[in-house]
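Bear in mind that the values here come from a model prediction, so they are computed numbers and not experimental data.
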Amino acid sequence: MVAGFTTTTKNRPLIISNLELFFRQKQVIIKSKRLYEELNVFIWNGPKAEAMRGYNDDLVMSIGIGLWVRETALRLRNDQIAYNKAMISKISKVSSPIVLPKEVSLVPDHQKTLEFTVNNKKESLSWLM
């Protein structure tokens, strides 16, 4: 994997659309005079949003990418939290403890049997060996 963010012809319109949505919903406060000036010359040139000729859109794209990554990371984080909660909710509690042997014999691995007691019944995990 390579560090960084690749802007492509497929994700650039999505980034700009997301940026526009943040501005329309007033979720972003601009305190940078340079960014504000770049936003004033950031226009639609046919089907493509870009800076006017002779100007830069570096700061506009930087904030757009930053907001895109922030939104994506938050969504993925929320999804992960939901998955973890669902997984934890499915874990059941064992009503009686499993008693494991206190001593391990010095028997070769191919001859070992691991026995334990659950509800006064002897169980073996030798099938795992």
J.: Under the 4.5 Å side-chain heavy-atom rule for ILVMFWY, direct or indirect, which residues accompany M52?
T.: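 Hydrophobic cluster check, M52: joined to V41, I43, Y55.
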
J.: Measure across I30 and V28 and return the closest heavy-atom pair with its distance rounded to 0.1 Å.
T.: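 Distance-wise, the nearest heavy atoms are CD1-CG1, 3.8 Å.
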
J.: Do the side chains of I63 and L59 get nearer than 4.5 Å, heavy atoms only?
T.: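 With C-beta onward as the side chain, the pair stays apart.
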
J.: Atom NZ in K85, atom CD1 in I81: separation rounded to 0.5 Å?
T.: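 Answer for the NZ-CD1 pair, K85 versus I81, is 6.5 Å.
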
J.: Is K48 salt-bridged to D57, cutoff N-O under 4.0 Å?
T.: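 No, this pair does not count.
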
J.: Got a sec: does the OH of Y36 have more than 12 other heavy atoms crowding it under 6.0 Å?
T.: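 Counting neighbours around OH of Y36, 12 or fewer heavy atoms of other residues, nucleotides or ligands fall under 6.0 Å, so no.
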
J.: R12 side chain to A49 main-chain N or O, any donor-acceptor pair under 3.5 Å?
T.: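 Judged by distance alone, yes, a pair lies under 3.5 Å.
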
J.: Which residues end up grouped with I88 if you chain together Ile, Leu, Val, Met, Phe, Trp and Tyr wherever their side-chain heavy atoms are less than 4.5 Å apart?
T.: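 Members besides I88: none; it forms no cluster.
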
J.: Has the side chain of E38 got a donor or acceptor atom that lies under 3.5 Å from a matching backbone atom of D58?
T.: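 Yes; judged by distance alone, with no hydrogens or angles, the pair exists.
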
J.: Nearest 0.5 angstrom please: Q27 CD to L21 CG, how far?
T.: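 One finds 6.5 Å between CD of Q27 and CG of L21.
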
J.: Find the distance between CG (N18) and CG (L67) and round it off to the nearest 0.5 Å.
T.: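 Result: 6.5 Å between the selected atoms.
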
J.: Rounded to the nearest 0.5 Å, what's the gap from OG1 on T72 to CZ on R70? Could you check?
T.: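 Those atoms lie 11.0 Å apart.
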
J.: Supply the atom-to-atom distance L76 CG to E71 CD, rounded to the nearest 0.5 angstrom.
T.: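 CD of E71 is found 10.5 Å from CG of L76.
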
J.: Roughly how far, to the nearest 0.5 Å, is CZ of F42 from CD1 of I16?
T.: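 So the CD1 of I16 and the CZ of F42 are separated by 4.0 Å.
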
